[in-house]
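See below for the structure under consideration.
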2 protein chains.
Amino acid sequence: MIGRLNHVAIAVPDLDAAAAQYRGALGAQVGAPQDEPDHGVTVIFIELPNTKIELLHPLGDDSPINGFLQKNPAGGIHHICYEVEDILAARDHLQDTGARVLGDGTPKIGAHGKPVLFLHPKDFNGCLIELEQT
Amino acid sequence: MIGRLNHVAIAVPDLDAAAAQYRGALGAQVGAPQDEPDHGVTVIFIELPNTKIELLHPLGDDSPINGFLQKNPAGGIHHICYEVEDILAARDHLQDTGARVLGDGTPKIGAHGKPVLFLHPKDFNGCLIELEQT
């Protein structure tokens, strides 16, 4: 069912510093910051040859990653995203196995403009997993 | 400098349960457990089309991931691994930028039989980063 690893998302306390570090110290191809007001984050994409790293920084007081950065002030890996071909079929299959989908189970449109769902980290070895329909 | 994302490593409290979940609920291609006594872990590789997930479980009382699982009993993302062409050049460049390399800076032979180094998570947004020479 799951396909490619679409991205690894890293929440960072200082977006400019993290971008400069990935560009300079790690020598990666780092994009420009993009505000995603619908998702409460500013995102920078780092293009690796086979996948992407997403640097996430809170945008606004209600950002969904404010709590994460309060618990992890230095930052940390926030989630990983797997691609699926059919997100509704994936959701139904996962729920049949007893896994919890966050929210009401209705896919939302993610930062890439595609339908996404998140799975409960307590059901997946402490990892927040995003599924994105490709 | 950094190339492909070689893998994402997830520390799990129950290796059999995690493997069954990735095979069944997530429908992934899951390998057999491999004991790595030199690294104090048992590893299961999950092959995605573009990269790998490594499930890590402690092997022995001195496992380097015992502490992580004590802090995170449900499991969690332990590290991410970027490929580099020349690990000594990468180390020297990173140290020139002020980043700390764990241990004495001498690459060790990792679970894939290739030279690896780990970077200090406090210097990299709370993420433990492994570099592997390809």
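Convention: sequence-line order gives letters A, B, ...; per-chain numbering from 1.
By the criterion of side-chain heavy atoms lying less than 4.5 angstrom apart, applied directly or through intervening Ile, Leu, Val, Met, Phe, Trp or Tyr residues, A:Ile44 is grouped together with B:Ile80 in one hydrophobic cluster. Following chains of ILVMFWY side-chain contacts shorter than 4.5 Å, one can reach B:Ile2 starting from B:Leu88, so the two form part of one hydrophobic cluster. B:Ile53 and A:Phe124 fall within the same hydrophobic cluster, defined by Ile, Leu, Val, Met, Phe, Trp and Tyr side-chain heavy atoms under 4.5 Å apart, directly or through other members. Under the 4.5 Å side-chain heavy-atom criterion for grouping Ile, Leu, Val, Met, Phe, Trp and Tyr, A:Leu94 is connected to A:Ile87 within one hydrophobic cluster. When hydrophobic clusters are built by joining Ile, Leu, Val, Met, Phe, Trp and Tyr residues whose side-chain heavy atoms come closer than 4.5 Å, directly or via intermediates, A:Phe118 is not grouped with A:Val43.
The candidate with the highest count of non-hydrogen atom pairs below 4.5 Å against chain B, out of A:Val8, A:Val84, A:Ile10, is A:Ile10. For chain A, the option among B:Pro73, B:Gly24, B:Pro49 with the highest count of heavy-atom pairs below 4.5 Å is B:Pro49. If you tally non-hydrogen atom pairs under 4.5 Å between each of B:Thr97, B:Asn50, B:Thr51, B:Leu5 and chain A, the highest count goes to B:Asn50.
The two atoms that bring B:Gly76 and A:Cys127 nearest to each other are C-SG, 4.2 Å, heavy atoms only. Pairing each heavy atom of B:Ala25 with each of A:Met1, the nearest pair is O-CE, 3.2 Å.
Contact of A:Leu128 with chain B is not made at all, since no heavy-atom distance falls under 4.5 Å. For B:Tyr22, the part sitting under 4.5 Å from any heavy atom of chain A is the side chain, from C-beta outward, and nothing else. Of the atoms belonging to A:Ile46, not a single heavy atom falls under 4.5 Å from chain B. Contacts of A:Leu55 with chain B are absent, with no heavy-atom separation under 4.5 Å from either backbone or side chain. With a 4.5 Å cut-off on non-hydrogen atoms, B:Ala11 touches chain A through its backbone but not through its side chain. In this structure, the portion of A:Tyr82 lying under 4.5 Å from any heavy atom of chain B is its side chain and not its backbone. Neither the backbone nor the side chain of A:Ala99 has a heavy atom closer than 4.5 Å to any heavy atom of chain B.
Taking a 6.0 Å sphere around CD of B:Glu85, one finds it holds 12 or fewer heavy atoms contributed by other residues, nucleotides or ligands. By the neighbour-count criterion of 12 heavy atoms within 6.0 Å, atom CD of B:Glu47 is densely surrounded, having more than that number from other residues, nucleotides or ligands. Residue-environment remark: CG (A:Asp62) stays at or below the threshold of 12 foreign heavy atoms within 6.0 Å.
Considering CG of B:Leu119 and CG of A:Leu26, their distance stands at 7.0 Å, rounded to 0.5 Å. In this structure, B:Ile77 CD1 and A:His78 NE2 are separated by 10.0 Å, a value rounded to the nearest 0.5 Å. Once rounded to the nearest 0.5 Å, the distance linking CD of B:Gln21 with CG of A:Asp123 reads 7.5 Å.
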